[in-house]
Each structure stands twice: as structure tokens, then as C-alpha cells.
Amino acid sequence: VNVPNVSTNDIIVAKQQRGGNYPGWRLELNPSGVSLGEVSFALSHNWLASPKNAIRIYTTTTPITADTWHNIIITYDGTVTHVAANCTIYVDGASQAFTTQFDDLDASTATSTDFNIGQWDTETSFRFLGKMCDLSIFNSVLSAPDIALISANTLDLSADLSVTPVSWWRIGEKATSDGTDWTVEDQIGSNDVESLSMAVSARVGNAPDSINNGLTINMESDDRVAPS
């Protein structure tokens, strides 16, 4: 991710209901009550319970700086126990110390709410304001070598890692526009995503190791031909 400033609460990715008991999970920058430039991760069964039936952690330091590309990785192993100690936050390949705000999750975080990139459910107040590239979801905890490869901007996540992502969106690359919205291909599965009111000009190509940065409308990246 790359944000122009660290003074706003930006949702990076979320699959959490915005209402009811707030089941689900979210990854964000600068949540309310946390120092600017910090990374936060939350899982919830019932956010309204007392105490909250949820986990929420945030980095103790402020690893995110403005106008700089940062790699963020969150791992969580809830196969045995649902505790904050099973979470790890990595920024640019380095494990981060974190503060635990809530640690009373004892039930499922499952929700039918849509998976959203840069937004929390239908809430528009916390939309991500910045640049994003190479978002992937795994269904197993990544190993230390995998973390190192991803942090080093490995381009082919499906070939170089010990586990294959469930989904992988290049976001800047492998995206097509109909002139109004962008469709971003899932490089692993069939979970393509579509932008919401994102201008054609909003796609930029300055992420680390990015390729295929030309801009066309309704043209697949594979349709490119080299000059003769």
C-alpha cells in the first residue's frame, strides 16, 4: 500500500458486516484511538457484546509512512484457539510488536457480507485513500520463507510459494476498464472484483516491480503485441 498521508482511517480490506453484531474481519490503517501510521487487524463475532466477542490488535510502533510503498502481511491461526497471540503483523517483511485491544473471541466470525477491497461493507466513510497493489488471500498460515518472498516483491505467487493463494489480485496490472469501472482479474481463482465509481485515470503503474502499465479500454493485457 501507498498512502499520501497517515492522518485518515483507511480500510485496506474487509469482510465484515457494518451493522448488527459486526461479524467478520478487517485490516485497516489508523483506526480511531490509535496513533497515526499504525496497522490494525480485527476479527469479530459480536462487536457489541460486553466484553466484545472479538480480537483487535494494532502495531505498537508506527511503521507506515506517507508516499512510500509498504508491504503488509497479516497471519492468523484460529484452528485451535481464538486468541490475539495467534496473530502476526508483518510490515516490509519484519514482524511487528503489537498491542492487544480486545481478546475475547470465542465463536465464529463467519458472515455473508461481501469481501471488499478498500471499503468496509457499504460504509463510505473509511474508504482507502491511496494506492494498492498485489492483494492475496490464503487459507493457511504463511511460513517465514514465504513471508520473505512476498516482501521481496515476488511476482508469481502461484509458483514461488509453498502454498497457493485462494485468490490473488494484481490490481494495477491484469485490469480492464469499460470506461466507468475497473474489473480486476483473480490470478488464481474466479473471484474477479469490480471497482465502484473508480475513474479510468485512477489506475497508475508505479508500484514496485509493476509491469503492463499502459492504459487501454476494453483490451485484455494478453492482447498486447511487441513492436515489430
F98/E38 under side chain to side chain contact (heavy atoms under 4.5 Å, CB included): CA gap, chis, key distance, verdict: CA-CA 10 Å; F98 62 78; E38 294 188 340; over 6 Å; no
Side chain to side chain contact (heavy atoms under 4.5 Å, CB included) between I55 and Y76, intermediate numbers included: CA-CA 11 Å; I55 291 172; Y76 169 69; 4.2 Å; yes
Test salt bridge (Lys or Arg N to Asp or Glu O under 4.0 Å) applied to R170 and D134, step by step: CA-CA 4 Å; R170 302 304 306 271; D134 281 307; 2.5 Å; yes
Side chain to side chain contact (heavy atoms under 4.5 Å, CB included) between Y90 and T75, worked out: CA-CA 8 Å; Y90 298 89; T75 65; 4.2 Å; yes
Step-by-step side chain to side chain contact (heavy atoms under 4.5 Å, CB included) determination, N71 to V91: CA-CA 6 Å; N71 177 273; V91 176; over 6 Å; no
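Side-chain atoms of D121 never come within 3.5 Å of backbone atoms of E123 as a donor-acceptor pair (strictly under, hydrogens ignored). A donor-acceptor pair is defined here as one N or O able to donate and one able to accept, closer than 3.5 Å; no such pair exists between the side chain of T62 and the backbone of G37. Side-chain atoms of N30 come within 3.5 Å of backbone atoms of T8 as a donor-acceptor pair (strictly under, hydrogens ignored). In this structure, T68 contributes its side chain and A66 its backbone to a donor-acceptor pair below 3.5 Å. Side-chain atoms of E194 never come within 3.5 Å of backbone atoms of D192 as a donor-acceptor pair (strictly under, hydrogens ignored). When atom types are taken as modelled, the side chain of D146 and the backbone of S162 share a donor-acceptor pair closer than 3.5 angstrom. K52 places no side-chain N or O within donor-acceptor distance of the main-chain N or O of D104, the cut-off being under 3.5 Å. Formation of a donor-acceptor pair under 3.5 Å by the H70 side chain with backbone atoms of V1 is not found in this model. The closest donor-acceptor contact from the side chain of T100 to the backbone of A84 lies at 3.5 Å or more, if one exists at all. Looking only at distances, no side-chain donor or acceptor of S167 sits under 3.5 Å from a matching main-chain atom of G189.
In the hydrophobic clustering of ILVMFWY residues, with side-chain heavy atoms under 4.5 Å counting as a link, L27 and I137 come out together. Cluster membership check: W168 shares its hydrophobic cluster with L161, using side-chain heavy-atom separations under 4.5 Å among Ile, Leu, Val, Met, Phe, Trp and Tyr. Under the 4.5 Å side-chain heavy-atom criterion for Ile, Leu, Val, Met, Phe, Trp and Tyr, F138 and I188 are members of the same hydrophobic cluster. Cluster membership for V193 and I171, using ILVMFWY side-chain heavy atoms within less than 4.5 angstrom, is shared. W47 and W120 end up in the same hydrophobic cluster when Ile, Leu, Val, Met, Phe, Trp and Tyr side chains are linked at under 4.5 Å.
In this structure, CG in L196 is found 11.5 Å from OG1 in T180, a value given to the nearest 0.5 Å. In this structure, CG on L36 lies 10.0 Å from CG on N9, to the nearest 0.5 angstrom. Rounding to the nearest 0.5 Å gives a distance of 6.0 Å between CD1 of I64 and CG of L29. The distance from the CG atom of D114 to the OG1 atom of T122 is 10.0 Å, given to the nearest 0.5 Å. In this structure, the separation between OG1 on T113 and CD on Q16 is 8.5 Å, given to the nearest 0.5 Å. From T88, atom OG1 reaches atom CD1 of I57 across 7.5 Å, with rounding to the nearest 0.5 Å.
Between the side chains of N53 and D106, at least one donor N or O lies within less than 3.5 Å of an accepting N or O.
With contacts defined as side-chain heavy-atom distances shorter than 4.5 Å, the pair V13/L135 qualifies. Between I11 and E28, the closest side-chain pair of non-hydrogen atoms falls below 4.5 Å. Counting heavy atoms from C-beta outward, K15 and T111 have side chains that approach closer than 4.5 Å. The shortest distance between side-chain heavy atoms of L142 and V163 falls below 4.5 Å.
Summarising the geometry of V39 relative to I89, their closest heavy-atom pair is O-CD1, 4.1 Å, with the distance given to 0.1 Å. Between S40 and R56, the shortest heavy-atom distance links the atoms OG-NE, 3.6 Å. Of all heavy-atom pairs spanning D67 and N2, the tightest one is CA-OD1, 3.4 Å. In terms of heavy-atom proximity, Q96 sits nearest to P63 at OE1-CB, 3.7 Å. Of all heavy-atom pairs spanning M132 and I117, the tightest one is SD-CG2, 3.5 Å. Of all heavy-atom pairs between I72 and I12, the closest is CD1-CD1, 3.8 Å.
The aromatic rings of W169 and F115 sit parallel, their planes meeting at an angle under 30°, below the 60° perpendicular limit.
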